[in-house]
Amino acid sequence: MSIRRTARTRRVVTAVSMTAALALAVTACGSDDGGKTKDPGSSSSSSAPSKPSDGDKGAQEDTAAGDKVDPNVKLAEVRGEKGMLLVINEVKRDSGGFVTVQGELKNQGDAAVNPSVWSGSESVIVSKNLNSVGGAMLVDKAGKKRYYILRDTDGRCLCTVGMTAVQPGSSLPVFMQFPAPPSTTTEVDFSLPTFATTSLKISG
């Protein structure tokens, strides 16, 4: 084989190699998933477990709070409008700096009661917490101070929310969390729209 022919052969081999390399480079650039084929009907989020929404968290907290209450303990019974009765089962001071009030709403009347009346009149509470017990309040008469239900940064109250109409003969567990009065305060007045005011002793 002559020197001229050998050089030409080498140039052909080099050109073929460069063409193959360029083809591989184009293929790699055209695929963002490393060559794997995606199902066009699927999305990247479908494989990840969905996180519970704030509303779901609230429902979970409501359930957990209700499970801790002994329904046989009755610290107070408060009459409301349209045959409603609020039974307070627990008023507890927690280490986190708040007081939790737990109880049960009972409809002893003959007609369904719309829970929106218990949300109160404060626009922020009503808009964020429709059909809740967000209108509840504690009053420290000795300290001359009112305590409203705690809220998160989005204005949602730390209380039972999303309630449906309470039917005759049915009951509904509820909870409310307030900032804790000073440790020297052991008794407060509790009020909820449409219900009478009652005195409650704080435990814990």
Side-chain angles (χ1 to χ4, degrees), residues 51-69 71 75-82 84-107 112-141 143-167 170-183 185 187-204:
K51 295 182 180 179
S53 66
D54 291 336
D56 292 336
K57 290 179 182 178
Q60 292 169 2
E61 290 171 358
D62 290 3
T63 303
D67 290 341
K68 298 177 183 178
V69 175
L75 302 181
E77 291 188 351
V78 192
R79 294 285 174 182
E81 297 178 355
K82 300 181 180 180
M84 289 301 302
L85 176 69
L86 172 61
V87 178
I88 304 295
N89 304 116
E90 184 178 75
V91 184
K92 186 177 181 180
R93 186 190 299 273
D94 294 285
S95 58
F98 52 88
V99 169
T100 302
V101 177
Q102 300 190 65
E104 189 174 31
L105 286 165
K106 298 182 178 181
N107 187 346
V113 177
N114 189 337
S116 64
V117 296
W118 305 318
S119 299
S121 57
E122 191 175 353
S123 59
V124 174
I125 287 289
V126 173
S127 62
K128 296 283 187 178
N129 307 281
L130 188 64
N131 294 342
S132 72
V133 286
M137 179 177 60
L138 298 181
V139 177
D140 177 4
K141 290 190 294 185
K144 297 181 180 180
K145 191 172 183 179
R146 296 179 179 179
Y147 295 90
Y148 297 93
I149 286 182
L150 290 167
R151 310 170 202 169
D152 65 15
T153 54
D154 293 324
R156 290 185 289 265
C157 74
L158 301 186
C159 66
T160 302
V161 299
M163 299 183 293
T164 57
V166 185
Q167 301 298 325
S170 65
S171 58
L172 177 71
V174 293
F175 85 100
M176 297 144 272
Q177 290 184 334
F178 303 86
S183 57
T185 300
E187 188 170 343
V188 291
D189 283 350
F190 170 85
S191 64
L192 181 68
T194 75
F195 285 85
T197 299
T198 185
S199 294
L200 299 176
K201 291 187 179 295
I202 303 174
S203 64

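What you see is a predicted model; the values in this text were computed from it and never measured. Computed from heavy atoms alone, side chains included, the values below leave out hydrogens, waters and symmetry copies.
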Handout entry: T160 (side chain) donor-acceptor with F175 (main chain) under 3.5 angstrom
Key = yes
Exercise for the section: Please confirm whether the backbone N or O of D154 pairs with a side-chain atom of D152, one donor and one acceptor, at under 3.5 Å? Expected result: yes
Where do [X] and [Y] come nearest, in terms of heavy atoms and distance?
| X | Y | answer |
| --- | --- | --- |
| K82 | N107 | O-OD1, 3.9 Å |
| C157 | G134 | SG-CA, 4.2 Å |
| V174 | M163 | CG1-SD, 4.0 Å |
| S132 | S119 | N-OG, 3.2 Å |
| V87 | E77 | CG2-CG, 4.1 Å |

Using the test side chain to side chain contact (heavy atoms under 4.5 Å, CB included), find all partners of [X] that sit at least two apart in sequence or belong to another chain.
| X | value |
| --- | --- |
| E81 | T194 |
| P181 | R93, V99, D140, Y147, T185, V188, I202 |
| K92 | E90, D94, S203 |
| A165 | A112, Q167 |

Any chance you could measure [X], atom [atom1], to [Y], atom [atom2], to the nearest 0.5 Å?
| X | Y | atom1 | atom2 | value |
| --- | --- | --- | --- | --- |
| M137 | L192 | CE | CG | 10.0 Å |
| F178 | I149 | CZ | CD1 | 4.5 Å |
| M84 | S171 | CE | OG | 9.0 Å |

Check: [Y] and [X] side chains under 4.5 Å, non-hydrogen atoms:
| X | Y | answer |
| --- | --- | --- |
| I88 | L200 | yes |
| T164 | P115 | no |
| W118 | V166 | yes |
| S191 | T197 | yes |
| L105 | F195 | yes |
| N131 | N114 | yes |

What residues, two or more places apart in sequence or in another chain, satisfy side-chain hydrogen bond (donor to acceptor under 3.5 Å, both in side chains) together with [X]?
| X | answer |
| --- | --- |
| K201 | E187 |
| S170 | none |
| S199 | D189 |
| R79 | Q108 |

Problem - Steps toward side chain to side chain contact (heavy atoms under 4.5 Å, CB included) verdict (F190, L86) - result: CA-CA 11 Å; F190 170 85; L86 172 61; 3.5 Å; yes
Practice task
Mind jotting down which residue pairs meet the side chain to side chain donor-acceptor pair (under 3.5 Å) criterion with at least one end in residues 172-182? Sequence neighbours excluded, please.
Solution key: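 Only T100-Q177 qualify under side chain to side chain donor-acceptor pair (under 3.5 Å).
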